[in-house]
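Since the structure is predicted, the reported quantities are computational estimates derived from the model, not experimental observations. Keep in mind that the numbers below use all heavy atoms, side chains included, and drop hydrogens, waters and symmetry copies.
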Amino acid sequence: MYFVEKMRNSRHNCPEVNVMLKAIVTDMDGTLLAPGDHILPETKQKLLELEKQGVTLILASGRSYTRLLPYARELELEKYGGYLIEVDGISLYDVQAGQREVLRRMDPSEIREVYTDLMHLNCEAQACFDDGFFFYFDEDIRRRKEALRKERNIPEDFPWTAGPWDWLADLRGGYPNQTFVTSADQITRPINKIQLMQDEDRIREIYAFLIRKYGDRFEIFRTCPRQLEILPKGYSKGHTLKRLMDMKGWNRDEVAAFGDGENDVSMFEEVDASFAMGNARDFIKEYAKYETASNADNGIVKGLERLGC
């Protein structure tokens, strides 16, 4: 995809195109993070250069601050005044000030019905709070996990939980408190979001069911091919990005957004320069103004270079 439009009036050393870029907002998994959950050196260098020139960096993720702060420190957000849009928009974290504003959580009674349905839909369901989650999977998934543990010779103390890319993932770094439940009634504290994992074909079926039954009560996003998330109605990355843009006085042509998942589309809608990563699914690319390279190929850097930065 080729760029045919130009942005205007630079004060940030963007020589090829006149750009007034005041902020960059980027998704994490599949966007800023390369495979293996790390930031590529070239991407890190580019973002630090722009921060030094006065561009504000915003990390927007389904993760909570406990899992985002290590990357915020790596990118020196505290020094340069960056922000975290957490848990797909339910919270905004000012890294420099160390201040967190939680906009919305869900009461256990609010999610009881949908979580009970998930327990009968052959998926792993995780009801997440800041530093942990309640989770459930059925016997069919347990057998699959047992086979994988045996095949990979995984030690007994390794978690049984799934992640966005595998049936077995160690999420204790951000979610140390994990409780297996057999009933939604065992969820006893306010919840930030529900995330669920299954293979891609089954995720599409579950998504269609949830949209039909709960689309008027929750925000429901496919965040990557085998993960789906359920959020409070009316809250999204884009909703909170717009809130921050209004606070800072940024116009839509002064912010660039990068993402690869359905939960990033709401950010695309708030800015003129929206970039879908090369590794995004085609239906996500349709919502972005531009397409860039993949997360494994410094896609953020290449997108910024196309803007002249």
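Counted by atom type alone, Asn295 and Thr31 present zero donor-acceptor pairs between their side chains at under 3.5 Å. Between the side chains of Gln45 and Glu49, a donor-acceptor pair is found at a separation under 3.5 Å. Remark: the Gln186 side chain and the Tyr136 side chain contain no N/O donor-acceptor pair separated by less than 3.5 Å. A side-chain donor from one of Asn122 and Asp140 sits under 3.5 Å from a side-chain acceptor of the other.
Seen from the ring of Phe180, Arg142 counts as a face-on cation partner, given the 6.0 Å and 45° thresholds. Cation-pi contact between Arg222 and Phe283: present, with separation from the ring centre below 6.0 Å and deviation from the ring axis of at most 45°.
Using bins of under 30°, 30° to 60° and over 60° for the plane-to-plane angle, the ring pair Phe133/Phe135 lands in the perpendicular bin.
The shortest heavy-atom contact between Leu75 and Glu51 is O-OE1, 2.6 Å.
No donor-acceptor distance shorter than 3.5 angstrom exists from the side chain of Tyr287 to the backbone of Ser274, with no hydrogens or angles considered. A donor-acceptor pair under 3.5 Å is formed between the side chain of Thr161 and the backbone N or O of Ala169.
No side-chain heavy atom of Val25 sits less than 4.5 Å from a side-chain heavy atom of Leu244. Considering only heavy atoms from C-beta on, Tyr80 stays 4.5 Å or farther from Leu57 through its side chain. When side chains are defined from C-beta on, Phe268 counts as touching Ile284, because their heavy atoms get closer than 4.5 Å. Side-chain contact check for His239 versus Ser266: every heavy-atom pair is 4.5 Å or farther apart. Proximity of Arg63 to Asp29: side-chain heavy atoms (C-beta onward) are separated by under 4.5 Å at one or more points.
Of the residues Asp264, Leu231, Val265, the one that meets the side chain to side chain contact (heavy atoms under 4.5 Å, CB included) test with Phe221 is Leu231.
Under the rule for a side-chain hydrogen bond (donor to acceptor under 3.5 Å, both in side chains), Ser61 has no partner lying at least two apart in sequence or in another chain. Every residue meeting the side-chain hydrogen bond (donor to acceptor under 3.5 Å, both in side chains) condition with Asp117, not counting sequence neighbours, appears here in chain and number order: Lys213, Tyr214.
Note on Arg105 versus Asp130: salt bridge recorded, some NZ/NE/NH1/NH2 to OD/OE distance being below 4.0 Å. Salt bridge absent: Arg143 and Glu146 never bring a charged side-chain N and a carboxylate O closer than 4.0 Å. For the pair Glu219 and Arg104, the salt-bridge criterion is not met [side-chain N within less than 4.0 Å of a carboxylate O].
Ring centers of Tyr65 and Tyr93: under 6.0 Å apart, within the cut-off.
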